[in-house]
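To start, the structure itself, in structure tokens.
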Amino acid sequence: PYNMVKVGSYDTSPSSAPDFSGCWGVYPYFPSGNIVASDIELGLFVIAPNYKRAGYLEGIIYNATTNDEVDDVSVEIIGRSKRSNEDGFYAIGTAEYGATTVSFTKLGYHPYTTTVNFTEGVKVELDVYLVPLDLFDITINVVDDETDLPVLEAYVALDHISNGLSYEALTNGIGSRTFQLSYEDFYDVSVSLWGYRAYCDVIEIDQQTNTIEVRLVKGYLDNFRSDLGWITTSTALTGHWTRAIPYESQGGANPGFDSPDCGKYAFVTGNSTVFGIIADDVNGGTVRLISPVMDLRTFDNPHINFYYWFYNFYGEGPLNDKMVVKISNGESTVLVTEIFGRESLYDMFEWRHLSLSINGLLEMTENMQVIFEVSDEIATPNVVEAGVDHFSISNANTTAVDVPTNHELTIYPNPFTNRLTIDRPEWRSAQLLDVQGKSIVLNWENEQVLNTNDLTAGIYFLSINGQVSKVVKR
């Protein structure tokens with residue numbers, strides 16, 4: 001059946017937490033219609049079900065302007081939701097009869113809500129026409145900060161902070177790219193091209209914005225929002241390097257957020273959404289992440305800078321797995337550093353910043369590459385996860401994220417735990433938003449210090465006089 005509807009349930013272990021307790025096996029195929037259930041703690045149950053039929057609703061969802069079918073529309077009814085398929089078809093139902101509210105929502109369209117009268121065993125057919133939101137244009141012009149010439153084939157990405165809609169394209173032959181947006185709101189605006197320092201800022205965009213100019217500075221800085229040509233290789237079974245929005249694995253082995261830079265992307269070793277601490281960790285081999293080629297001949301005191309995540313715990317034998325950082329000039333490859341797990345498990349649940357001098361390790365050439373290796377020793381298998389973010393090259397040691405800004409605003413520490421200090425002259429108003437765009441009530445200890453004890457760990461956006469900064473609660 002394509003439209004299965006839950007019409008009843010029986011909890012054999014109502015007092016148990018959602019862990020390993022409760023029912024582990026069910027057999028529903030006896031001629032009597034009885035159901036046998038095996039509870040891990042309370043034993044055998046014989047259940048006599050009293051079946052009733054659901055009421056059903058199905059139809060096709062169309063674009064009201066073009067009459068095209070619309071896929072991936074969320075159809076919600078009494079806490080249950082289904083999505084339309086690639087042909088715009090949806091099917092849903094409920095065992096609660098009578099007049100019921102049904103809502104149809106998709107990003108880029110006006111939501112539609114109606115009332116349907118559900119009757120036992122009856123199928124209602126309802127086609128729905130969703131009205132698209134009005135579109136407006138925003139043009140991003142990218143120029144070289146030194147020459148004022150347009151930058152061609154730069155990656156431009158706009159990420160809507162509130163709902164996750166993303167737009168990405170390359171600049172054209174005049175260094176420009178125009179996007180059609182549906183929502184007036186805050187966006188992460190990222191522009192990157194290898195050989196330049198990536199630009200990223202949070203900008204409020206509305207129908208009056210029209211044009212944004214981005215000036216790229218030559219150098220090397222990559223926040224991994226776009227694919228700039230990093231190479232991945234692997235001899236491992238799982239846990240391959242992937243550029244993604246990190247998805248937290250069981251126990252926090254894989255990070256659930258990126259480092260405290262602009263945007264949400266990072267390189268992580270495996271990013272499976274399957275629940276389980278070993279679902280996609282590095283297993284039985286080595287995974288390598290290799291940068292595109294860099295010309296470092298003009299750098300007097302070159303440093304490689306990055307945030308890293310490294311988790312090594314559990315399993316048999318000693319915790320001897322590691323992350324290795326190497327540098328190559330096209331002819332020779334040398335070790336820069338080795339990163340091991342920490343003695344305390346909880347010290348591994350965070351991004352850490354490193355700034356490493358490579359001056360004197362080998363000759364700087366036009367063919368430099370940085371290599372990140374993570375290995376799981378087969379003889380002593382452990383849970384191994386790693387991440388890399390906000391990679392850059394500098395002429396000196398760096399200790400903080402370099403996010404372009406034109407405002408004199410200092411927010412520290414970031415990431416924060418119980419307090420967040422805001423240091424900006426003559427600031428007038430502040431607003432804290434979660435990743436869904438919901439405003440958080442502020443708890444001020446004094447004119448500059450926010451008490452953040454009650455905030456859950458995660459990513460937030462602090463808006464001060466129209467300037468938005470990304471902050472992370474540990």
Side-chain angles (χ1 to χ4, degrees), residues 159 161-162 186 188 190 200-203 221 223-225 245-248 251-266 268 305-311 342 344-355 385 387-392 397-474:
D159 298 313
I161 291 173
S162 296
F186 289 102
D188 269 332
S190 301
C200 185
D201 204 356
V202 178
I203 300 176
L221 188 156
N223 58 20
F224 301 133
R225 172 56 187 86
I245 298 174
Y247 183 87
E248 183 177 359
N254 200 57
F257 53 92
D258 79 330
S259 71
D261 64 350
C262 188
K264 301 179 181 179
Y265 284 77
V268 291
N305 316 291
F306 56 92
Y307 275 86
Y308 75 91
W309 180 286
F310 187 68
Y311 179 101
R342 297 178 176 270
S344 170
L345 174 63
Y346 297 100
D347 285 344
M348 289 185 274
F349 297 148
E350 63 179 342
W351 288 95
R352 294 174 178 267
H353 183 264
L354 273 182
S355 183
E385 294 278 17
V388 173
D389 199 14
H390 203 78
F391 173 88
S392 70
N397 183 285
T398 65
T399 57
V401 168
D402 178 15
V403 177
T405 178
N406 295 320
H407 308 280
E408 295 179 0
L409 173 64
T410 302
I411 302 171
Y412 61 92
N414 190 17
F416 62 93
T417 51
N418 299 324
R419 289 178 178 81
L420 188 62
T421 300
I422 303 168
D423 185 7
R424 178 193 172 122
E426 300 179 0
W427 66 271
R428 299 180 300 278
S429 62
Q431 184 181 27
L432 188 66
L433 307 173
D434 64 16
V435 293
Q436 304 299 325
K438 180 181 177 181
S439 182
I440 307 297
V441 176
L442 300 180
N443 180 14
W444 293 98
E445 288 189 0
N446 55 50
E447 291 184 354
Q448 289 185 305
V449 178
L450 275 173
N451 186 304
T452 56
N453 271 321
D454 294 334
L455 294 181
T456 58
I459 299 172
Y460 296 86
F461 298 92
L462 184 64
S463 176
I464 299 178
N465 294 352
Q467 179 190 351
V468 180
S469 301
K470 175 182 170 183
V471 293
V472 178
K473 168 74 181 284
R474 287 178 179 167

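Owing to the predicted nature of the structure, the values given are computational and were not obtained by experimental measurement.
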Taking all non-hydrogen atoms of both residues into account, name the closest pair between [X] and [Y] and its distance.
X      : Y      : value
Pro246 : Asp258 : CG-N, 4.0 Å
Glu385 : Asn254 : OE1-OD1, 3.4 Å
Asn453 : Lys473 : O-NZ, 3.8 Å

Using modelled atom types only, decide if a donor and an acceptor are shared between the side chain of [X] and the backbone of [Y] within a distance under 3.5 Å.
X      : Y      : result
Thr452 : Arg419 : yes
Asp201 : Ile203 : no
Asp389 : Ser259 : yes
Trp351 : Gly387 : no

Parallel under 30°, tilted from 30 to 60°, perpendicular over 60°: which one fits the rings of Phe416 and Tyr460?
->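 Phe416 vs Tyr460 ring planes: tilted.
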Step by step, work out the side-chain contact (heavy atoms from CB on, under 4.5 Å) result for His353 and Asn305.
-> CA-CA 7 Å; His353 183 264; Asn305 316 291; 4.2 Å; yes
May I ask you to say whether Lys264 pairs ionically with Asp188, meaning some side-chain N is under 4.0 Å from a carboxylate O?
->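 Not counted as a salt bridge, because no side-chain N and carboxylate O are separated by less than 4.0 Å.
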Evaluation steps, side-chain contact (heavy atoms from CB on, under 4.5 Å), between Leu354 and Tyr308 = CA-CA 8 Å; Leu354 273 182; Tyr308 75 91; 3.7 Å; yes
Validation row: [X], [Y] side chains within 4.5 angstrom (heavy atoms):
X      : Y      : value
Asn451 : Asn418 : no
Trp309 : Val268 : no
Ile440 : Leu455 : yes
Leu221 : Phe391 : no

Passes side-chain contact (heavy atoms from CB on, under 4.5 Å), Leu450 versus Ile422? Steps please.
-> CA-CA 8 Å; Leu450 275 173; Ile422 303 168; 4.2 Å; yes
By ring-ring contact (aromatic ring centres under 6.0 Å, His included), which residues pair with Phe224, not counting sequence neighbours?
->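 Phe224: ring-ring contact (aromatic ring centres under 6.0 Å, His included) contacts with Trp230, Phe267.
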Atom CG in Leu420, atom CD in Glu445: separation rounded to 0.5 Å?
->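 Reported value, rounded in 0.5 Å steps: 11.0 Å.
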